[in-house]
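Chain A is the first sequence line, chain B the second, and so forth, proteins listed ahead of strands; every chain is numbered from 1.
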2 protein chains.
Amino acid sequence: MSEQKRPATRADEIRQAIEKDIFQGVLRPGTRLDEESLAARFGLSRTPVREAILQLVYSGLVVKKPRQGAVVAPLDLHRMVQMFEVMSEIEGLCARYAARRMSPDEKARLAELHGRAASLCESRELDEYYAVNRAFHDAIYDGSHNEVLQDMARSLFARLAPYRRYQLNHPHRVEGSFAEHGEVVAAISAADPDRAQAAMRKHVTIQADIFAEFVSIMS
Amino acid sequence: MSEQKRPATRADEIRQAIEKDIFQGVLRPGTRLDEESLAARFGLSRTPVREAILQLVYSGLVVKKPRQGAVVAPLDLHRMVQMFEVMSEIEGLCARYAARRMSPDEKARLAELHGRAASLCESRELDEYYAVNRAFHDAIYDGSHNEVLQDMARSLFARLAPYRRYQLNHPHRVEGSFAEHGEVVAAISAADPDRAQAAMRKHVTIQADIFAEFVSIMS
DNA sequence: TTCACCATTTCCGTATACAGGATATGGACC
DNA sequence: GGTCCATATCCTGTATACGGAAATGGTGAA
């Protein structure tokens, strides 16, 4: 991680709050973001709200048409599929680089995370598992030792997070996810870039398939 | 390309103008972006200038520390190397997908661009060649038929553009670049994803090497 | 009943004003 | 002469104000 962790400015606080609301489903895709009511809600003026919204637009969570205001990015299935496609490639690259570049300490931490996931998987503590899952992927992003790649991965992860979380309710998905992680860990431990990349790509591609299945049922 | 091509709003106009200045070297890395003087220069108030700067921050061209203003992103060599590394992967992926997905029309246009480049290469019209070069890469981004991947590629291209342009002054670089493009065109025409990806990766990696060489001389 | 057109209203984009923090300048002390 | 500190100035972050574009609702005609 770089620095910039303190919100220092009101606009950043609002951005984080809105972000959280979007992730948690309080603000659903398509919801209009009215500057004035948001300003009132946070007890501020429209100016910092506008800046927060602009930041969200550039992170892709919000779309904005000139003179027509901003809405929480509606889920465009076509685009979601493309995002998963790219995500599988980006995560695959992270795993590839991680296999070559992770230090023994980093590999140990990754294995430790995987171990924690094992028990959570067995006891079916889904929320906990999801948290460790996120840490697992984060560890591999870091392991790529390429901050530009990390930023891309995290940005995509954030935009897909809500749909990835949902998948754990899919029958046997937790076990499958855990097993796929296992392959990735093994390949990285063995410092085998090709295998690590392939395993991670497959892991994400499976999630994409489940997502596609999910939306085909919904429509 | 999507739609959003009309600047519709002043802030967008300013953003494009500043972007252009950065690319053309009028605003050099590290230059402070004073809101008031920019506002005066464009005959506007600080508000749209602030929004333009925020957009540039999110595109990575500008960095901003709270309460300390914005500066044109100083070139961090370490990070530049990482950007080139990712660029080679992203462009490689674009070429891979393009090889599988480009329509005959798109392939014809790509070949036509390459043909235009041939004469420009021979007559050493560098500025023209660079313009066609950009169109060439753009055509391949489009050919990936994945808008998310395209956005990433264009964003990276924009941030690296100044350094890619400079390379054409390197001895025999134009010929080398043209030859590498030729391999990419051949692989895409043959619908050979692996070869297309490898050729494009190599093309960008060579640019990264030249960049590294350049900075090692400068320091 | 439905569509079209117009008035109203709402909300975005921009301008201007103000307050607080950061840097720069100058002087005093070592 | 150099360093440290206080003051002044500048500039950012936020608040407020205004004009105009787009959405909305109602009324009239087909």
Problem set entry | Electrostatic pair Lys64(A)-Glu51(B), nearest N-O below 4.0 angstrom |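 Salt bridge between Lys64(A) and Glu51(B), a charged N being under 4.0 Å from a carboxylate O: no.
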Problem set entry | Ion pair check, Lys202(B) and Glu180(B), cut-off under 4.0 Å | no
For this session: Walk along DNA chain C from 5' to 3' and tell me the first and last nucleotide with an atom closer than 4.0 Å to a non-hydrogen atom of chain B.
Result: dG13(C) to dT23(C)
For this session: Tell me whether the OP1 or OP2 atom of dT14(D) has a side-chain N or O from Thr47(A) closer than 4.0 Å.
Result: no
For this session: Sugar-phosphate means primed atoms, P, OP1 and OP2; the rest is base. With that split, encode nucleotides 7-12 of chain D 5' to 3' as B, S or - using protein heavy atoms under 4.0 Å.
Result: ----SB
Exercise. Are the side chains of Thr9(A) and Arg67(B) in touch, meaning some heavy atoms are under 4.5 Å apart?
Worked result: no
Exercise. Rounded to the nearest 0.5 Å, how far does CZ of Arg173(A) lie from CD1 of Ile210(A)?
Worked result: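 Answer for the CD1-CZ pair, Ile210(A) versus Arg173(A), is 4.0 Å.
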Problem set entry | Identified side-chain contact (heavy atoms from CB on, under 4.5 Å) counterpart of Leu56(B) within the set Ile18(B), Val63(B), Val72(B) |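 Exactly one candidate clears the test, Ile18(B).
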For this session: Before giving the answer on side chain to side chain contact (heavy atoms under 4.5 Å, CB included), spell out for Gln207(A) and Glu91(A) the whole-Å C-alpha distance, their side-chain angles and the decisive distance to 0.1 Å.
Result: CA-CA 12 Å; Gln207(A) 300 185 44; Glu91(A) 293 227 37; over 6 Å; no
For this session: Report the residues that fulfil ring-ring contact (aromatic ring centres under 6.0 Å, His included) with Tyr141(A), sequence neighbours left out, ordered by chain and then residue number.
Result: none
For this session: For Arg109(B), look at atom CZ and say whether over 12 heavy atoms of other residues, nucleotides or ligands are found less than 6.0 Å away.
Result: no
